[in-house]
Amino acid sequence: MPARYLVTSALPYANGPIHFGHLAGAYLNADIFVRYKRLTGAEVLFVCGTDEHGAPILVNAEKEGAHPRDYTDRWHQAIKQSFERVDIAFDHFSRTSRPVHYELTQHFFRRLVERGAITTRVDDQVYCEVCKRELPDRFVVGTCPKCDFDAARGDECPRCAAAFDATELKAPRCKTCGTNASKRPSKHWYLDLPALRPELEAWLEARFPAWKPNVVGEVKKYLADLKPRPITRDLQWGVPVPLEEAKDRVFYVWFDAPIGYISSTREWAAQQGKPDDEWERWWKDPGTQLVHFIGKDNIAFHAVIFPSMLLGQREGYVLPDVPANEFLNLEGQKFSTSGGWFIAIDDFVDRFPADTLRWTLTRSAPETRDSDFTYKDFQTRVNAELLGTFGNFASRVLKFVQARHQGAVPAAQADPGEPERRALEALRAGVAAAAAELDRYSTRGAAERVLEVGYAANKLIEERQPFKLINTDPAAAATTINVAVRLLEGLAVLLFPFVPGTATRLWAQLGLEGDPTRRRWQDAAEPADPAGRAIGALDQHLFQRVEDKTVEAEVARLRAGATPPPEKAAAPPAAPAKAEAPAAAGKPPISFDAFAALDLRVAKVVSAEAVPKADKLLRLELELAGGERRTVLSGIRAWYPPEALVGRQVVYLANLEPKKIRGVVSQGMVLAANDVGDVAVLLQPERGVPDGARVS
RNA sequence: GGCGACGUAGCUCAGUCGGUUAGAGCGGCGGCUUCAUAAGCCGUAGGUCGGCGGUUCAAGUCCGCCCGUCGCUACCA
């Protein structure tokens, strides 16, 4: 076992709130691991920070009329606070917008160039003279090279469905400012992953046996098609490329972001007043085990790309373990901050103790596959596990000490009985088993081992029934209670990484000084004899019951809050109330004439069939007045089997310009409402009306 | 349609390198108990480990096909 651990959690993107899914995937497990390792006496550093570059932040900041700096300031604060509220105890939480990070990123680049791990390539790019930037495909419009349609997009033509490169467009224009754009050759820099492949693979092959199958699979997939990756782009927001010929360029956000782990470490060292080379102890000493806790979407970056960057430095950087988690769902559906399908952490912690959230998310963590958070599950974990097993055991033992032993732990007989020996053995086994789980990064498995100690502890009371035994054999009853108090102390230490606040309160109830970090993890297996010690105040239960009606209310709140409009949920909590949103629907007002321009009709579906090679598409034949037929494509296959549609009426936009999709011309569109989770719900007249009837 | 995953008791899930009668919690049912937050403990539920075929002395655990679910992606006017 290494004696030093450098632990990182994925840098959250400063573009939205963190939610349960993030916590369960990369933060809670890291925090638990860190607390555990500290208890074992290892030297541990836990760093993180916000990732603040990239186009999405720039775009969203612009949308608000804010400088990206101010925009990320707000999100950085909001995210940091959320972590604090669930006791994620980073040693340092930095930001990738700090000067130290700029310097280090540029240094990384220079080293990679020196080591021959950077290549360049020159390609034509569409460039806008007015905006003074190269245009990504989706910011270009122009004339289709195939059919001369004059409003073709940068990647394809909406009329003839041809796909092409933006540079192939005739007369390309900038979508933002509308002026003509030009083509010009443009040089970009690439991280030469194939050049680093031999060292990379040698390291990976050695680590694979210890890694989770989902991580290994993902990495192998990536290695199978390993190509140089562009690391520069033409953007105003990011770390500048330190070359005269690239002074209008910044690094791709994925390039600078992981370097944030290192810059965060350096910033921490500086703030602690440590020597200048302190950070190198953490990053370059082979005695350090680096661990990246991330979600599965980040595997390639942390297991392939960033290690390649580290190897490419040739400075002896240590390489990581990558215990990636899968995704957490919410009540059976994907989290969606834009769709409102998420639970804000601050909101939740306002109503329930952080420890109950920590425990539930740990017990349901998506370690081997996607898992689900439900309020029902939350209730069970709180009531049955935290309260029923741990809280109850503490309560029944300590209240007994208080009532029957005047608040001082009674002495044990020299030779405790068999049930006591078994219970203490269960504690010892739990300490070892939980450690083994944690050493392989399974916080979920470890929590289960701790729970088993709780089961064994309650069994001891059942077997001995000290509340009866005290009348016939007081010394034996006292022994049981004495042992039970030892079990509580052991449990307090074992529980500390998972529910630090509660474990600390239990510590006080046990009449102990400070908190469980006074002990070593290993000591939890052999608590000292507590005989004679006065227990603390029992004024408060360790956990409160979660009632059925509370669960129902929370689920209702969640569903109510999930109603789209999409944008509203993503507003940063700290954002000043913005100018009135343009109506609830989020679109600017239109004139009546604009509305009247729509030819909306009721139509009857006369036939419906799936479109080949398209999962979502249905081809509908609609009938209007006088038997007029129209063919329409609609992406509702997932929710409406074709046969269920025939004969019913729908609302139909008749004068939408036709578009060819999958070889079929669609003449207009069928209207549907968007339910939670993007489910389409067809509109239909309240009662039958003649086919072709106008809608106004 | 392409790529990737997954499909174990009513529910949520464990099942490392293939090897004795396939597990836990919750729920249900039946008991016990009253120290404890109506908490706890015991027993029970007898599930073709999605289906078919294959490899093997032996497969939930490896391979192929099929069915189903999900994610990413294309399409969703």
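In this text the structure is predicted, and so the values were computed from the model without any measurement. Every heavy atom of this structure was used, including side-chain atoms; hydrogens, water molecules and symmetry mates were not. Throughout, protein chains are lettered first and strands after them, A, B, ... in sequence-line order, and every chain is numbered starting at 1.
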For A:D599, the salt bridge (Lys or Arg N to Asp or Glu O under 4.0 Å) test, sequence neighbours excluded, returns A:R601, A:R694
Residues 394-405 of chain A vs salt bridge (Lys or Arg N to Asp or Glu O under 4.0 Å), sequence neighbours excluded, gives A:R396-A:E462
With sequence neighbours left out, the residues meeting ring-ring contact (aromatic ring centres under 6.0 Å, His included) with A:F400 are A:H405
Residues of residues 419-427 of chain A with a heavy atom under 4.0 Å from any atom of RNA chain B, listed by number, are none
Contacts of A:K296 meeting salt bridge (Lys or Arg N to Asp or Glu O under 4.0 Å) (sequence neighbours excluded), chain-then-number -> A:E326, A:D370
Please list every donor-acceptor pair under 3.5 Å in which a side-chain atom of residues 352-364 of chain A meets a protein atom from a residue at least two apart or in another chain.
unit_1: A:D355; atom_1: OD2; unit_2: A:G501; atom_2: N; d: 3.2
unit_1: A:D355; atom_1: OD2; unit_2: A:T502; atom_2: N; d: 2.6
unit_1: A:D355; atom_1: OD2; unit_2: A:T502; atom_2: OG1; d: 2.7
unit_1: A:T356; atom_1: OG1; unit_2: A:P353; atom_2: O; d: 2.6
unit_1: A:R358; atom_1: NE; unit_2: A:F498; atom_2: O; d: 2.8
unit_1: A:R358; atom_1: NH1; unit_2: A:D31; atom_2: OD2; d: 3.0
unit_1: A:R358; atom_1: NH1; unit_2: A:V86; atom_2: O; d: 2.9
unit_1: A:R358; atom_1: NH1; unit_2: A:D87; atom_2: O; d: 3.0
unit_1: A:R358; atom_1: NH2; unit_2: A:D31; atom_2: OD2; d: 2.7
unit_1: A:R358; atom_1: NH2; unit_2: A:P497; atom_2: O; d: 2.9
unit_1: A:W359; atom_1: NE1; unit_2: A:E385; atom_2: OE1; d: 2.9
unit_1: A:T360; atom_1: OG1; unit_2: A:T356; atom_2: O; d: 2.8
unit_1: A:T362; atom_1: OG1; unit_2: A:R358; atom_2: O; d: 2.7
unit_1: A:R363; atom_1: NE; unit_2: A:E385; atom_2: OE1; d: 3.0
unit_1: A:R363; atom_1: NE; unit_2: A:E385; atom_2: OE2; d: 3.4
unit_1: A:R363; atom_1: NH2; unit_2: A:E385; atom_2: OE2; d: 2.9
unit_1: A:S364; atom_1: OG; unit_2: A:T360; atom_2: O; d: 3.4
unit_1: A:S364; atom_1: OG; unit_2: A:D377; atom_2: OD2; d: 2.8
unit_1: A:S364; atom_1: OG; unit_2: A:R381; atom_2: NH1; d: 3.2

Note: contacts of residues 446-453 of chain A with RNA chain B (heavy atom, under 4.0 Å) are none
So the salt bridge (Lys or Arg N to Asp or Glu O under 4.0 Å) pairs with at least one residue in residues 463-485 of chain A (sequence neighbours excluded) are A:E420-A:R464, A:R422-A:E463
Identify each atom pair where a protein N or O and an N or O of nucleotides 26-33 of chain B are less than 3.5 Å apart, giving names and distance.
none

Show me the donor-acceptor pairs, under 3.5 Å and distance only, between side chains in residues 446-454 of chain A and residues at least two apart or in other chains.
unit_1: A:R449; atom_1: NE; unit_2: A:E452; atom_2: OE1; d: 3.2
unit_1: A:R449; atom_1: NH1; unit_2: A:E437; atom_2: OE2; d: 2.9

Within the sub-3.5 Å range, which N or O atoms of nucleotides 42-45 of chain B have a protein N or O partner, and how far apart are they?
unit_1: B:rC42; atom_1: OP1; unit_2: A:K459; atom_2: NZ; d: 3.1

For RNA chain B, the expected dot-bracket line (Watson-Crick or G-U under 3.5 Å, [ ] crossing, | inter-strand) is (((((((..((((.....[...)))).(((((.......))))).....(((((..]....))))))))))))....
